[in-house]
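As structure tokens, the structure follows; a few thoughts come after it.
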Amino acid sequence: MHVADLERDTDPWTLAGSPLAPEVGPRPRIELALHTALTAPSPGNAQPWRWFAGGELIELYRDPARACSRCDPAGQATVLACGAALGALRVALRALGLDEQTALLPGGHPDLLARVAVGGRASPLPEEQWLYQAAPKRRTYRGVMAQGPLSRALSRRLGAMVDGTGAELHVVEDMARKQAIGAAVEAAIAGELPAAAAARVAAGEPGVSFEAPDGAQARGPAIADGAPAFVVVSTADDDPAEWLRAGQALMRVLLRARVDHAWGSFLHLPLTDAAGRKRLANLVGGTGHAQALVRLGGGADSPPTPRRPLSEVLLAQRPG
Ligand SMILES: Cc1cc2nc3c(=O)[nH]c(=O)nc-3n(C[C@H](O)[C@H](O)[C@H](O)COP(=O)(O)O)c2cc1C
């Protein structure tokens with residue numbers, strides 16, 4: 001059996017971000033990039049993706065069986081998570097020295113989200129290697145964050161993470177705007193219909209977005225107090241192509257945060273519907289639609305949340 005076949009059953013966390021010897025050919029590089037993509041975050045850790053890899057083409061499919069129609073009616077969070085996995089894949093391909101061209105929603109199958117054509121060898125930039133190496137260290141951190149602003153270096157570098165992705169980034173550190181965001185999160189928690197809340201919990205998404213110092217779920221003013229910074233990823237329009245763009249941008253932001261020893265956690269409830277996405281963009285002074293809201297700051301390591309191995313998500317052939 002080929003080494004890559006054995007590795008397909010290996011925990012993606014143990015392979016993600018690893019180096020490869022210069023003489024190794026493109027196929028093991030592509031497989032390693034796929035393992036790295038599997039460490040992306042997803043709502044309730046649903047991992048709503050399937051992959052097809054043939055020759056030097058990689059295709060990303062949404063897995064509708066792993067979407068929560070009740071808690072994510074338009075499928076925005078599912079596609080955003082697939083976009084995050086695509087972002088991790090592309091970072092990994094480049095860090096492993098492979099050039100790529102990616103088409104979003106190329107058509108031909110309703111669940112086909114992206115087609116990545118891997119090209120020749122390319123020399124990675126140091127930053128691409130740092131982001132790749134950060135992949136196995138990323139976690140959603142729901143504990144109490146160290147108080148104080150983000151490091152100046154991180155605040156400066158985050159903006160560059162969305163360059164060329166088609167998404168916009170808003171880093172919010174001033175208390176008045178953090179309080180406005182915290183109020184929007186609180187309103188979404190308080191207004192969640194019991195049936196939607198039950199579906200979310202059943203889908204594995206914890207009610208706790210993050211903990212306040214007293215150990216309870218942060219509510220009310222504690223939401224802004226517990227966030228050294230909020231980061232909002234927004235897009236001009238609000239459709240699946242934009243969700244994929246935002247997901248890729250978000251993944252790069254979360255990886256960059258880890259390079260600079262910061263952690264992130266999600267507050268997605270206010271973004272469940274189109275009106276909420278518009279409202280949050282307005283709150284941060286954007287004209288478009290907010291697609292992701294995360295809290296960034298200092299935290300501590302914890303064990304990774306389990307992932308399905310590549311053998312479970314790699315399709316033997318394209319879906320019919
Ligand atoms: C689109 C999206 C929405 C999410 N929403 C929430 C949320 O509202 N609350 C929360 O605590 N975690 C949320 N998460 C984080 C997931 O629960 C987390 O990614 C998953 O459990 C895997 O854990 P990991 O990120 O540590 O690998 C969200 C993740 C994504 C991608």
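We count ligands from 1, going down the list as the structure has it; atoms in each ligand are counted the same way. Keep in mind it's a predicted model, so treat the numbers as computed, not measured.
- Within ligand 1, counting atoms from 1 as listed, the ones closer than 4.0 Å to a heavy atom of Arg307 are 22 (C), 24 (P), 27 (O).
- Atoms of ligand 1 lying under 4.0 Å from at least one heavy atom of Thr140, given by number and element, are 15 (C), 18 (C), 19 (O), 24 (P), 25 (O), 26 (O).
- Taking the centre and axis of the six-membered ring of Phe210, the NZ or CZ atom of Arg295 falls inside the cone set by 45° and 6.0 Å.
- For the side chain to side chain contact (heavy atoms under 4.5 Å, CB included) criterion with Trp243, the lone passing option out of Val79, Asp237, Thr235, Thr78 is Val79.
- Each of the atoms 1 (C) of ligand 1 lies under 4.0 Å from some heavy atom of Leu80.
- When all heavy atoms of Leu293 and Leu271 are compared, the closest pair comes out as N-CD1, 3.6 Å.
- Both the sub-6.0 Å distance and the 45° axial angle are not jointly satisfied by Arg66 relative to the ring of Trp49.
- Heavy atoms of Ser42 found under 4.0 angstrom from ligand 1 belong exclusively to the backbone.
- Arg142 places no side-chain N or O within 3.5 Å of a backbone atom of Glu211 that could act as its donor or acceptor partner.
- Of the polar atoms of Thr39, none of the N or O atoms is found under 3.5 Å from an N or O of ligand 1, judged by distance alone.
- Scanning for salt bridge (charged side-chain N to carboxylate O under 4.0 Å, His left out) contacts around Arg245 gives Glu242, with sequence neighbours left out.
- Polar contact check, Arg142 against ligand 1: a nitrogen or oxygen pair lies under 3.5 Å apart.
- A heavy-atom separation below 4.0 Å is not found between Ala84 and ligand 1.
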